[in-house]
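Report on the following structure.
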Amino acid sequence: TQLLEQSPQFLSIQEGENLTVYCNSSSVFSSLQWYRQEPGEGPVLLVTVVTGGEVKKLKRLTFQFGDARKDSSLHITAAQPGDTGLYLCAGADGGTSYGKLTFGQGTILTVHP
Amino acid sequence: GAGVSQSPRYKVAKRGQDVALRCDPISGHVSLFWYQQALGQGPEFLTYFQNEAQLDKSGLPSDRFFAERPEGSVSTLKIQRTQQEDSAVYLCASSYLPGELFFGEGSRLTVL
C-alpha cells in the first residue's frame, strides 16, 4: 500500500508570510499532484510534477518533486487570505494506466489578514 | 453543465437505510472515479470506471457498497444498510486524459 504523509497538518499564519508544506512517502510515484480544496467543494488540481527534481511555479506557488520521486513540497510566498484552504498532495500509481491516485491527509492552511 | 455534477449534495440516512448517490461527469470523459473523504482526511479511492466497465473496485470497503455506470456516462454509488462509519463526503471525478481529474462538489452523507 502506498502512503503519503503531509506535514504540517495545520498551518495558521499572517498575511505576507511564507510557508512550505511537505509531502513524503517511502514509495515511488510516476507523478505527483497538488490540489486545493475549499469547504463544501471538490479538490481542484493546481499542478502535476512528473520528473524527479522538477520545479514548477504558479504565480506565488512553487512546487518541487524530489529527485527520487518519493516526496514533494509546496512553497507559498507572501501568503494571502485567498490562499486559505485544504492543500492535498496525491501520488499516481504507475502500475495503472489510468492514474489511480493516493492522497495525503491534507494540510489546512489559514491565512489571517 | 460544464463541470462534474453530484446529487444529492447532502443526505441524512438512518442506520440501516439504503442510499444512492449520483454523478454526472463532464461530457466526453471516459474515466470516472469515486472517492470517499472522511472529515479532516484526504480522499480515499473507492472505484474506477472506463466507459461502462468497472475496471477497479479495490477500494470499496465492503460488499454493501456497489457502483455502476451502465451507459458509460452517469454513475451511481449505492450503499446498502448504511452504518455510522459510512458518514463521509463521497466525491466523483471524471477525466479524459490520465491523471487530469475534475472533481464534483461531493455528496455529504450523514448516517444517524
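Every chain is numbered from 1, with letters handed out A, B, ... down the list of sequences.
For residues 62-69 of chain B, heavy-atom neighbours of chain A at less than 4.5 Å comprise no residues at all. Taking 4.5 Å as the heavy-atom cut-off, the residues of residues 102-113 of chain A that approach chain B are Phe103(A), Gly104(A), Gln105(A), ordered by number. The contact list for residues 9-19 of chain A toward chain B, using heavy atoms and a distance under 4.5 Å, is empty. Residues of residues 55-83 of chain A having a heavy atom under 4.5 Å from any heavy atom of chain B: none.
Nearest heavy-atom pair across Gly42(B) and Leu88(A) is CA-CD2, 3.8 Å. Closest approach of Leu91(B) to Pro43(A), counting heavy atoms only: CD1-CD, 3.9 Å. In terms of heavy-atom proximity, Glu100(B) sits nearest to Gln33(A) at N-NE2, 4.5 Å.
The contact between Gln37(A) and chain B is made entirely by side chain atoms (from C-beta outward), counting heavy-atom distances below 4.5 Å. With a 4.5 Å cut-off on non-hydrogen atoms, Ser107(B) does not touch chain A at all. With a threshold of 4.5 angstrom between heavy atoms, Tyr35(B) approaches chain A through side-chain atoms but not through N, CA, C or O. With a 4.5 Å cut-off on non-hydrogen atoms, Gln6(B) does not touch chain A at all. At a 4.5 Å heavy-atom cutoff, Arg108(B) makes no contact with chain A through either its backbone or its side chain.
Leu46(B) and Leu101(B) fall into different hydrophobic clusters, where Ile, Leu, Val, Met, Phe, Trp and Tyr residues are linked whenever their side-chain heavy atoms come under 4.5 Å apart, directly or through other members. Hydrophobic clustering of Ile, Leu, Val, Met, Phe, Trp and Tyr side chains at less than 4.5 Å, counting indirect connections, unites Leu86(A) with Leu45(A). Phe103(B) is not connected to Leu21(B) by any chain of hydrophobic side-chain contacts under 4.5 Å among Ile, Leu, Val, Met, Phe, Trp and Tyr, and they are in different clusters.
Here the straight-line distance linking atom CZ of Phe33(B) with atom CG of Leu101(A) works out to 6.5 Å at 0.5 Å rounding.
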Run the side-chain contact (heavy atoms from CB on, under 4.5 Å) check on Lys100(A) and Tyr48(B) step by step: do they pass? CA-CA 8 Å; Lys100(A) 178 177 176 180; Tyr48(B) 165 71; over 6 Å; no
